[in-house]
Structure formats: C-alpha cells, structure tokens
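Comments concern the structure below.
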Amino acid sequence: MKPRPLAFVAVVALVASACGSSSSTTGPQVVKIGVELPLSGGEAPNGGPTLNGIQLAINQIQVPGYTVQLNTQDDAVNGVNNPDQGAKNIGTLVSDSQVFAVVGPFNSAVAKAEIPVSNEAGLIQCSPANTNSTLTLGDPAKALRQAHPDQIAYVRVVANDDFQGLADAIIAYKDLGKKSMYIVDDQTTYGKYLADVVQAQFTKMGGKVVKRDGAGANVSDYTSLLTAAKALSPDVVFYGGVTSTGGGVLRKQMVANGMGDLPFVGGDGISDGAASVASSFLNIAGDQGDLNTWMTTAGAHDIPDRATLAAAYQAAFGKELGAYSAAAYACTQVYLEALKAVGPDRAKVRAYVTDTTHTFNTVLGPISFDANGDINQEIISYFQFDPSTKDWKFVRQNDPTKA
Amino acid sequence: MDVGTLTQQLVNALTLGAIYALIALGYTMVYGIIELINFAHGDVFMVGSFVSLWLLADFFGLRGPINNPAELVGVLVVAFVFSMVVMGLVGVVIERFAYRPLRNAPRLAPLITAIGVSFILQNIIQIWRGPAQLNSPQLINVQAGFRVGSAEVHWISVFVIAIAVGLIIGLHLFISRTRMGRAMRSTALDREAAQLMGVDINTTIAVTFFIGSALAGAAGVVQGLYYGYTFFTIGFQGGLKAFTAAVLGGIGNTTGAALGGFTIGFIEVFASQAGYANWSEAIVFSILILVLVFRPTGLLGQPTAERG
C-alpha cells in the first residue's frame with residue numbers, strides 16, 4: 001500500500017508540532033536583540049565591525065533560560081546611512097515581539113529619526129557610536145521624546161560631540177600648534193554640530209577660522225571650494241562629517257589641489273579602518289592624502305582588557321577590532337545583564353537599563369548611565385595616521401575637559 | 001579675489017564644464033533626432049566610469065600615475081577606445097530594446113522606460129561593485145602642472161578640456177560633413193521625408209545612440225582620471241546637470257549643449273567661490289528658469305516650427 005502523501009505530511013506536522021511544544025516548555029526561551037546599523041556599501045566598514053562586537057558578546061555570554069538571537073536591520077540606502085530607513089527599521093523591530101532591546105543606530109541623524117519611535121514604544125536603544133550632543137541633552141533631546149518625556153528609552157556608551165569637538169580643537173591648536181583653520185562640514189546632524197563645536201573651541205583657544213563651508217553628499221567636486229580656501233592660507237583643515245558623504249574624496253582632492261601638506265583633522269566619522277579596507281577614509285584619500293591626518297573616536301581605546309577582547313574578536317572574525325566593536329559589545333553586555341535580572345519584558349528592561357543607580361560590568365569597565373542616558377565616562381581617544389602600517393595609530397586618551 | 005585665484009577658478013570652471021558638455025551632447029543628440037529625453041543617459045556616463053575602472057584597475061592592474069609618456073598615451077588611448085565602444089554598444093542595445101518598440105507610442109511611454117533603464121543600470125552596477133565609493137587609478141599625475149602667474153594649472157585639467165573640445169569639434173565635423181551626419185540631420189528635421197529619400201531610419205537612430213553613449217563613456221573615463229573615484233549614483237547628479245546644460249544651450253543643438261555645459265561649470269564654480277556651494281544647484285536652476293522664460297528654446301535653440 002502506498003502511503004497517502006497528504007496524510008503522511010499531516011502526521012509529520014503533528015509530530016513536529018508536538019516536539020516543538022514539548023521543547024519550548026523545557027528548553028530555553030528564544031529572545032532577540034534588535035540590531036539597527038548601516039551595514040552595506042560605503043557604510044560596511046562602520047556597521048560591520050560593530051555588528052561583530054554584538055555577535056561576539058552573545059556568543060560568549062550565556063543567560064540561563066534564554067537563547068539570544070539577533071534581528072538585524074540595515075539603514076544604509078544606496079550605500080549611505082539613511083534616517084528614513086532607520087525609522088522604518090525601528091518600526092520593524094518594535095513589531096517583532098521577541099525583540100526586548102535594540103543596539104544602534106550608528107549615525108546621529110538616524111538616531112534623531114528613531115528616538116521618537118522607540119520612545120513611544122518603550123523599547124530601549126543603546127547606541128555604540130552616536131555622538132551628537134542634542135540626542136540626549138537640552139530641549140532638542142526633549143523634543144525627540146514627545147511620547148514619554150520622562151522615560152528615556154535611549155542610552156549611549158560613547159562620549160558626546162561637546163567632548164569630541166574640544167578634543168579635535170586641542171589636536172589642531174595645541175598638539176599641532178596651528179592658528180588658522182579651514183572647516184568643511186557635510187551638512188548632517190553629526191557633521192554640522194561637531195564642526196560648530198570645533199569652530200567655537202578653536203576660536204576660544206585663540207585660533208582663527210578663516211573659512212567654513214558646508215558641502216553635503218551631493219557635492220562631489222570640492223576643487224572650487226578648495227581653490228577659494230587656499231587663497232586664505234589656512235594651516236590646518238577640519239572635516240566634520242563621515243566618509244560616505246565625502247570625507248575621503250575631499251582629502252583626495254586636497255592633494256590634487258596642492259593642499260596635501262596641510263594637516264587634516266576629523267572626528268570619528270572618518271574612523272573606518274586601515275587603508276586596505278575598501279571605501280574607508282584612508283583608502284579613498286590615497287597614500288599621499290593619508291599623511292598628516294588625525295582623528296578622534298568618542299570612547300576609550302585602552303579598555304581594561306583590550307588584549308583578550310581583541311584576541312577573541314580575531315579568532316571569531318579574523319580581523320582587528322573596529323572603532324566601535326567594543327562599545328557594541330558593551331551595549332550587548334548591558335542588555336544581557338538586564339535580561340538576567342528582569343527577563344525579556346521591554347518595560348522592565350528599559351527601566352532596569354535607565355536606572356541611574358545601576359552599574360554594569362562591561363568591557364569598557366564598570367559603566368552607568370545618567371538621567372539623560374549618557375555614559376558616566378566621557379573619554380576621547382586620539383589617533384594619528386601611521387605610514388608604516390597604513391592604519392590609524394592610537395596616541396592617547398583622556399577626558400578633554402580635564403586635559 | 002586676487003588674480004591667481006580667479007585664473008585658478010577659470011581653469012576649474014572650464015574643466016568641470018568640459019565634463020558636463022561631454023554628457024550634455026548625448027542628451028541633445030538623442031532629443032534632436034527622436035525628441036526623447038533619455039533619462040538613462042547620466043547612468044550611461046556612470047557605467048562608463050565603472051567600465052574604465054574595471055579595465056584600468058582590474059584588467060591592467062594599474063594603481064597610480066604612469067610616468068613613461070609613451071606608455072601613458074598608449075594606456076589612455078586603449079581606455080578611451082574601450083570605454084567608448086563598450087558604452088556605444090550599450091547605448092545601441094538600450095535603444096533597440098527600450099525605445100525602438102515605443103517609437104510610435106505616446107511620448108510619455110519612452111520617458112518612463114528611460115527612467116526604468118536608469119534604475120536598471122544603477123542596480124546592475126550596485127550588484128556588480130557594491131554601493132560604495134571606489135578608487136579609480138589617476139594615470140595622469142594630478143599634481144603635475146605649470147604656473148600661469150600665481151595660478152597653478154594642472155596637466156590633467158588641460159587634458160580634460162582638450163579631450164572634450166576635441167570630441168565636440170569631431171562630432172560637429174561628423175554631423176556637418178559626413179553622409180551619416182546628413183542622414184542624422186535629415187531624420188531630425190523630418191523622419192518620414194528622410195525615409196522616403198532613402199535614409200535608413202533605424203540605422204541612423206542607432207548610430208546617434210552609439211555616438212551619444214560613446215561620448216558619455218569618454219566622460220566616464222574622465223571622471224576616473226580627474227576625480228580618482230567613482231560611485232554608482234554619480235550618473236544621477238552628473239546627468240541632471242548635463243541635461244540642464246543641454247536645455248540651457250537649446251536642446252537639439254550640439255554647439256548649444258557644449259556652451260550650456262561650460263556655462264553651468266562657470267556658475268557652479270563661482271557660486272562656490274562666493275561661498276554658496278550649497279546654493280549652486282538652486283542658482284543653476286534659477287538661471288535655467290530665467291532662460292526658458294525669456295528664451296524658451298534655450299541660448300542657441302531654434303524654434304520648433306523650423307523643424308516641421
């Protein structure tokens with residue numbers, strides 16, 4: 001007798017569902033951490049190593065009773081981070097009931113679009129890389145969380161741009177001894193604010209900003225801007241922006257226009273790996289453009305046990321730690337600690353993470369968040385291009401307000 | 001602004017204008033002959049830059065400037081010929097499959113397929129090379145040049161302007177002096193009458209697409225040599241400016257397209273010089289609107305009545 005296919009399928013399905021239900025009562029519960037990062041195209045050098053940091057954390061840290069998975073969303077559209085896509089992604093994560101917390105986003109303009117959504121849903125976000133000050137501070141931050149002004153649902157493990165901008169001004173004025181600066185910003189939330197801070201701090205120190213230009217992602221020819229700037233004889237250039245909106249191209253064209261010898265300082269927007277990484281700042285700027293470049297990242301480079309983390313990362317992904325891999329690892333640790341303490345309930349996790357009295361043990365050391373969601377350690381790391389390795393070289397780290 | 005800066009900006013404007021002019025020619029030729037705004041043309045330019053990138057970086061394995069003059073000329077000739085022929089053929093294929101079947105359809109239909117082709121080209125490149133800025137080898141040392149007064153003129157700028165002017169003159173001679181050029185002009189004037197006089201309309205239109213797309217391919221090579229990078233969306237930006245240049249100069253008129261390209265180059269550069277880089281597009285389009293209000297056929301365009 002031939003088995004009837006339909007009946008056979010039905011029996012298999014019944015057995016399978018029986019197995020499924022029995023395992024869910026005894027086995028670990030599946031919960032998810034949402035990941036919202038720019039992952040494709042020109043943003044891959046940013047989002048990729050950050051995602052790896054999250055992945056490494058959930059591989060290494062077990063929470064009894066739970067299987068932690070990721071729901072990963074990419075906010076890059078046509079290779080550039082996109083706030084509208086970010087807002088859509090956060091909506092997708094809100095509607096996945098297994099997601100109890102979100103790591104991301106990477107870019108401040110994206111965060112600006114996402115915070116109102118996550119705030120309304122009460123879904124906690126931890127950014128490993130957002131530095132714009134207005135995301136957490138003052139009236140602009142309050143305007144972002146209209147639904148629940150008193151219940152913040154956004155924290156970050158990096159310092160804000162008031163600190164980073166000060167550090168960039170210190171590099172230009174004190175470290176390099178430069179007095180007249182040319183500033184270009186990329187017209188984004190992040191780039192513009194950071195450039196504002198640098199301009200204010202550099203001027204306050206006694207320097208002069210000889211020219212300031214805003215050039216968004218639609219500008220691909222900086223030649224005429226550079227020719228106009230060159231006539232004003234600046235001795236240092238600051239770029240407020242990211243690589244995908246033109247940082248590398250700007251530096252490349254500076255070389256072509258005889259301004260390659262001018263020191264070039266940028267924020268963490270140009271911290272996207274060695275010259276060998278395709279589409280990174282150092283890759284696009286080119287061999288000559290890379291010389292005389294400096295940048296900062298808004299977090300500690302020398303974390304308590306960097307060697308161990310770097311070795312585990314190397315073993316898992318065959319690469320060096322990215323600029324914000326450790327920060328992403330720390331965000332994940334915060335969430336896993338909250339999961340262990342209060343379970344996967346969104347409201348409880350949000351309350352636990354934002355409780356200013358809690359201290360979390362992370363790879364960044366013991367950290368806590370203040371009432372605005374900012375981390376308690378405001379540390380900036382300083383880097384300089386190293387021609388021998390064709391990569392950024394760590395110089396020092398400090399809280400620039402105390403330096 | 002001192003004289004040195006002014007001279008420098010003039011050179012910048014001419015270089016930028018030369019690139020726009022090269023792309024604008026393709027728009028204006030196609031419009032002249034079949035009255036279609038070929039929105040995919042900017043993306044043909046973009047694909048050209050990737051074809052040249054592939055040839056130079058992946059096939060020849062080149063990374064930077066070539067110092068031996070003979071070798072440099074040889075590689076440049078190969079790069080231009082290869083990119084122009086490949087893009088010319090791409091143009092012919094686009095015409096054959098996206099526009100010819102719709103030649104007698106309402107005008108909106110080929111316009112929509114043109115936009116479709118634009119997306120298809122962008123997606124092909126996005127899948128092939130990824131949505132990231134890629135370095136193109138700058139075969140001509142971009143820092144080498146000579147001094148004019150206090151201004152520094154780079155050989156690469158001279159080269160870009162020379163290539164563009166050379167191709168524009170060549171095109172002009174082709175259209176005004178050759179048999180095929182005459183066929184193109186007669187087809188533009190009155191397609192049916194030309195056909196009755198023995199002009200092979202399909203071949204003539206295919207040749208028009210070949211030449212227009214080949215010029216965009218040349219502009220693609222220039223993009224890599226001059227800017228040293230390419231990206232899969234540059235076709236939209238470059239195409240929009242070049243289209244504006246074609247309309248400004250009088251669409252359908254090749255000399256006008258070249259003039260329009262240089263005009264837009266000047267507007268953009270001097271807007272940047274004046275500190276209005278972010279306004280350059282608004283300024284360009286405001287001038288376009290003014291020109292169209294007071295001279296609806298563009299700077300050198302002729303009233304359509306003369307056509308029919």
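Note: hydrogens, waters and symmetry copies are ignored here, and every other heavy atom, side chains too, is used. For clarity, every value in this text was computed on a predicted model and none was experimentally measured. First the proteins, then the strands, lettered A, B, ... as listed; each starts at 1.
What you find for B/Ala132 and A/Gly42 is that their closest heavy atoms are CB-N, 3.4 Å.
Within residues 246-261 of chain A, the residues having any heavy atom closer than 4.5 Å to a heavy atom of chain B are A/Gly246, A/Val249, A/Lys252, A/Gln253, A/Val255, A/Ala256, A/Asn257, listed by residue number. Of residues 182-200 of chain A, those residues with a non-hydrogen atom less than 4.5 Å from any non-hydrogen atom of chain B are, in numerical order, A/Gln187. Using a 4.5 Å heavy-atom cut-off against chain B, the contacting residues of residues 216-234 of chain A are A/Gly216, A/Asn218, A/Ser220, A/Asp221, A/Thr223, A/Ser224, A/Leu225, A/Thr227, A/Ala228, A/Ala231.
Proximity to chain A (any heavy atom under 4.5 Å) is restricted, for B/Tyr226, to the side chain, taken from C-beta onward. Residue B/Glu281 touches chain A through its side chain alone, counting heavy-atom pairs closer than 4.5 Å. Contacts of A/Asp287 with chain B are absent, with no heavy-atom separation under 4.5 Å from either backbone or side chain. For B/Gln133, the parts lying near chain A are the backbone and the side chain together; criterion is any non-hydrogen pair under 4.5 Å.
Counting heavy-atom pairs closer than 4.5 Å to chain A, the top-ranked of the candidates B/Asn135, B/Thr233, B/Val142, B/Asp2 is B/Asn135. The candidate with the highest count of non-hydrogen atom pairs below 4.5 Å against chain A, out of B/Gln9, B/Gln8, B/Gln273, is B/Gln9.
Within 6.0 Å of atom CZ in B/Phe60, more than 12 heavy atoms from other residues, nucleotides or ligands are found, so the atom counts as buried in its surroundings. The local environment of NZ in A/Lys179 is crowded, with over 12 non-hydrogen atoms from other residues, nucleotides or ligands closer than 6.0 Å. Other residues, nucleotides and ligands place no more than 12 heavy atoms under 6.0 Å from the CH2 atom of B/Trp155. Environment of CZ in B/Phe285: crowded, with over 12 heavy atoms of neighbouring residues, nucleotides or ligands closer than 6.0 Å.
Atoms CG and CZ, from A/Asn78 and B/Phe232 in turn, are 3.5 Å apart once rounded to the nearest 0.5 Å. The line from CZ of B/Phe231 to OG of A/Ser244 is 7.5 Å long, rounded to the nearest 0.5 Å.
Counting only residues at least two apart or in different chains, salt bridge (charged side-chain N to carboxylate O under 4.0 Å, His left out) contacts with residues 139-154 of chain B comprise B/Arg147-B/Glu152.
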